Amino acid sequence: SKYYGQTLLAEVYKHLNLIESDYFGIEFQNIQSYWIWLEPMKPVTKQVRRPKTTMLRLAVKFFPPDPGQLQEEYTRYLFALQIKRDLAEERLTCSDNTAALLVSHLLQSEIGDFDESEDREHLQANQYLPNQERIEGKILEFHRKHVTPSGAMYFQVLEIARKLEMYGIRFHLASDREGTKINLAVSHMGVLVFQGNTKINTFNWSKVRKLSFKRKRFLIKLHPEVCGLYQDTLEFLLGSRDECKNFWKICVEYHTFFRLFDQPKPRAKAVFFTRGSSFRYSGRTQKQLVDYIKDSGMKKTPYERRHNKARVSTRISNTNVPKQSVPFTEGLRTPGSPASAAAPFHSIHSSATPPPVLHVFAETSPSSLDSRAPYTWIPEKNTVAPAEEAGRKLMQRPGSPMLQGVGFGLPVDHPQLSSLVLKSPLGLNPAFQVNLNAASQGSSPLLSPVLSDADGARIEEDDEMKRKRYPTDKAYFIAKEILATERTYLKDLEVITVWFRSAVIKENAMPEGLMTLLFSNIDPIYEFHRDFLKEIEQRLSLWEGRTNAHMKGDYQRIGDVMLKNMRTLKEFTSYLQKHDEVLTELEKATKRLKKLEMVYKEFELQKVCYLPLNTFLLKPIQRLMHYKLILGRICKHYTAEHRDFADCRNALKEVTEMTSQLQHSLIRLENFQKLTELQHDLIGIDNLTAPGR
């Protein structure tokens, strides 16, 4: 307890062999019972008032917007456990359908494919949600459809969770200047303001000039161009000075982690007196972390959590085998205990010399763990011993008391944890050695486990399987390009459908007729592309081998998705042909209505409008041209015999028809847009776009 927080964090990360450790932290409840993060640069005793009775727990501290940014499968698994905990603690609020879908994916990862009686038995023993019984039918219905390996399920859980408004959100109670109760939160994009569970404002980092606090007041100073010169500081009142400072620290850390390339250097100590807080984020930034993983060239830790479908009912017993196995990953629990406590983060450490892979079973009573219980050590062979097979089955029994990982209930020096060398029953790769007696080990927390020759061969086989499984075909990378550009294109459409609409409605600056003309032609296209993007994301997820569909080869293609959507998009040609009229009417209205002209110009100064506004109206037709180019590339890549060639060629025909119809419109629109920009830039010229000039 006299050491700095950094020492404890380093020991925990070393114990877990956690490579992407900067996403995580240790949290604890203070005297006021709200959760705060352990600071690395302060002694533990100065932060934790009662170190002997305080529970410290490992938790995700920084939630990236895309789980694909996480390099390690093991890191994604820990993130999925955080989602599981947040669901149980009602932090991650969502609709019943979404909650049921998340739990069904967690079920798939825990117990494998659907079996109604076993599913019900498991749900009775594990509480994933506070009111789980109410939506149990939906959970089972979703689980029936899953046929995905457990490792892929963690990615699915994160993919669903990241789209939720409450993903990674931690509320801090506050009130505004009028005394209205609100919740403040911070995310990768900036400071968020909620009323209840509804987000009412976002202050992007790009708009924020300075964050500070004064006693209980939390102050956000914005850049003048965002709110004008006289209202650039926003003030919120928190419950106490400590709460205010705690939230300010979290904001500082989030901003540094996600926005800066390098961690800031600590401020030099003042000679006579100090002003303000000297607090700085002390870890690596996200960019540094990603660069470290890429540049180090380390082999990814082989990690896969397997489920065992060969489960037995709790009614079956065998007197020739131990009563209970002791997996090192699960928490002490009883039937009905919350799933968040029942599935803590794993405690994993690489030993300096690879010990033999051993199975460990402990003779225990069903109600308690006796520290004096004898252990049976069974060396692994090529054939599975009957006792081992029975032990594996018994591991699946719901409601069994389990051993808990570091920081989640049992102290590290608990007799149950000392000097045990385990093979993970939850399916870590056989080459993954686990040693819980980590105190005397000197290996780096950023090194993968040391492998024996036999285990090394096994890893090479696994790598070979991964090379076969994960796509390296050029078509896959073209499909990834479609996905990436579609995301960008959708954000471009949002500049008009969301941001510009909001600006003109707020000021009541646009006539109703023009509003109808503009948004009735752009909204249907936006809605179509939202659904199209979801389809591409789903297909890429299947293509990348995150489910077992790749074995059938049905999903390692993009042509069928493109063909279906290009045919649908043809129905929107009439909307695209009206963009010429929309652009002309918008230009006329800005000349005629001073209020609209002012809103238009102010909106173009905002960072969200990174191009001239009328340029965004050209995007839908330009996007068709891009589809044509990219489908042409993929058709050139495929041979005529390839199963995806016919669909890609037909999709190319469909999009070529549309582009030939709209080619003249696009040329007119681009010319009109360029003339409009030129007219805005020249003083005293206001008739460049007049017909017949």
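Being a predicted model, the structure only gives us computed values, none of them experimental. Computed from heavy atoms alone, side chains included, the values below leave out hydrogens, waters and symmetry copies. For this chain, numbers begin at 1 and follow the sequence in order.
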Those residues at least two apart in sequence (or on a different chain) that pass salt bridge (Lys or Arg N to Asp or Glu O under 4.0 Å) with Lys214 are none

For the pair Thr615 (side chain) and Leu611 (backbone), establish whether a donor and an acceptor sit closer than 3.5 Å, ignoring hydrogens and angles.
no

Check Arg170 against Gln82 and note the closest heavy-atom contact, atom names and distance.
NH2-NE2, 3.4 Å

Begin from the C-alpha positions of Glu597 and Lys601 and carry the test salt bridge (Lys or Arg N to Asp or Glu O under 4.0 Å) through to its verdict.
CA-CA 6 Å; Glu597 184 185 18; Lys601 286 180 177 176; 3.3 Å; yes

Any donor and acceptor pair, going by atom type alone, linking the side chain of Asp176 with main-chain N or O of Gly179 inside 3.5 Å?
yes

What do the steps show when you test Tyr23 against Phe257 for ring-ring contact (aromatic ring centres under 6.0 Å, His included), and what is the final call?
CA-CA 9 Å; Tyr23 287 110; Phe257 184 77; 5.5 Å; yes

Could you pull out all residues at least two apart from Asn521 that satisfy side chain to side chain contact (heavy atoms under 4.5 Å, CB included)?
Leu517, Tyr575, Lys578, His579, Val582

Taking only residues two or more places apart in sequence, or in another chain, which ones meet Glu235 in a salt bridge (Lys or Arg N to Asp or Glu O under 4.0 Å)?
Arg177, Arg217

Where the side chain of Thr568 meets the backbone of Lys564, is there a donor-acceptor pair that is under 3.5 Å apart?
yes

Could you label the plane-to-plane angle of the Tyr476 and Trp543 rings as parallel, tilted or perpendicular, counting under 30° as parallel and over 60° as perpendicular?
perpendicular

Hey, are Glu654 and Lys570 close enough for a salt bridge, meaning a charged N less than 4.0 Å from a carboxylate O?
yes

Could you tell me whether the side chains of Tyr489 and Gln622 share a donor-acceptor contact shorter than 3.5 Å?
no

Side-chain donor-acceptor contacts of residues 181-192 below 3.5 Å, not counting sequence neighbours, with atom names and distances?
unit_1	atom_1	unit_2	atom_2	d
Asn183	ND2	Gly196	O	3.3
Ser187	OG	Met189	N	3.3

Please tell me if the side chains of Tyr627 and Leu569 come closer than 4.5 Å, counting only heavy atoms from C-beta onward.
yes

For Glu481, enumerate each residue passing the side chain to side chain contact (heavy atoms under 4.5 Å, CB included) test, keeping only those at least two apart in sequence or located in another chain.
Thr485, His626, Ile630, Arg633

Side chain Asp22, main chain Arg284, donor-acceptor under 3.5 Å:
yes

Between Lys534 and Glu537, is the closest basic N to carboxylate O distance under 4.0 Å?
no

Would you please name every residue forming a side chain to side chain donor-acceptor pair (under 3.5 Å) with Asp644, sequence neighbours left out?
Tyr638

Would you say Leu624 and Leu666 make side-chain contact, with heavy atoms under 4.5 Å?
no

Do Thr180 and Gln195 meet the criterion of a side-chain donor-acceptor pair at a distance under 3.5 Å?
no

For Ala651, give me all partners under side chain to side chain contact (heavy atoms under 4.5 Å, CB included), at least two apart in sequence or on another chain.
Met562, Leu563, Met566, Leu631

List the steps, then state whether side-chain contact (heavy atoms from CB on, under 4.5 Å) holds for Ile220 with Val208.
CA-CA 7 Å; Ile220 302 175; Val208 176; 4.1 Å; yes

Within 45° of the six-membered ring axis of Phe261 and under 6.0 Å from that ring's centre, is NZ or CZ of Lys287 located there?
yes

Side-chain donor or acceptor of Thr676 paired with backbone N/O of Phe672 under 3.5 Å
yes

Could you tell me if the ring centre of Phe79 sits under 6.0 Å from that of Phe24?
yes

Leu219 and Leu234: side-chain contact (heavy atoms from CB on, under 4.5 Å), yes or no, with the steps?
CA-CA 6 Å; Leu219 306 169; Leu234 300 165; over 6 Å; no

Taking only residues two or more places apart in sequence, or in another chain, which ones meet Phe258 in a ring pair (Phe, Tyr, Trp, His ring centres under 6.0 Å)?
Tyr254

Kindly determine whether Lys207 and Lys607 satisfy side-chain contact (heavy atoms from CB on, under 4.5 Å), including the steps that lead there.
CA-CA 8 Å; Lys207 296 177 183 176; Lys607 284 189 169 59; 5.6 Å; no

Residues two or more places apart in sequence or in another chain: which of them pass side chain to side chain contact (heavy atoms under 4.5 Å, CB included) with Asp580?
Thr584, Arg668, Leu669

Taking side chain to side chain contact (heavy atoms under 4.5 Å, CB included) as the criterion, tell me which of Phe203, Trp205, Phe247 meets it with Leu211.
Trp205

Is there side-chain contact between Pro612 and Glu604, with at least one heavy-atom pair below 4.5 Å?
yes

Can you tell me which residue pairs pass the ring pair (Phe, Tyr, Trp, His ring centres under 6.0 Å) test with a partner in residues 605-624, sequence neighbours excluded?
Tyr610-Phe616

Begin from the C-alpha positions of Lys61 and Glu253 and carry the test salt bridge (Lys or Arg N to Asp or Glu O under 4.0 Å) through to its verdict.
CA-CA 10 Å; Lys61 189 173 187 177; Glu253 291 184 313; 3.0 Å; yes

CD/Gln538: more than 12 non-hydrogen atoms of other groups inside 6.0 Å
no

Does the side chain of Gln71 come under 3.5 Å of the side chain of Glu20 through a donor N or O and an acceptor N or O?
no

Rounding to 0.5 Å, atoms CZ (Phe218) and CZ (Phe213) come to a distance of 10.0 Å

Are Glu677 and Lys674 ion-paired here, with the side-chain N under 4.0 Å from a carboxylate O?
no

Which salt bridge (charged side-chain N to carboxylate O under 4.0 Å, His left out) pairs, counting each pair once, include a residue from residues 616-626, with sequence neighbours left out?
Glu486-Arg623, Asp492-Lys619

Kindly state each residue pair satisfying side-chain hydrogen bond (donor to acceptor under 3.5 Å, both in side chains) with at least one member in residues 493-514, sequence neighbours excluded.
Glu494-Tyr526, Arg501-Asp523

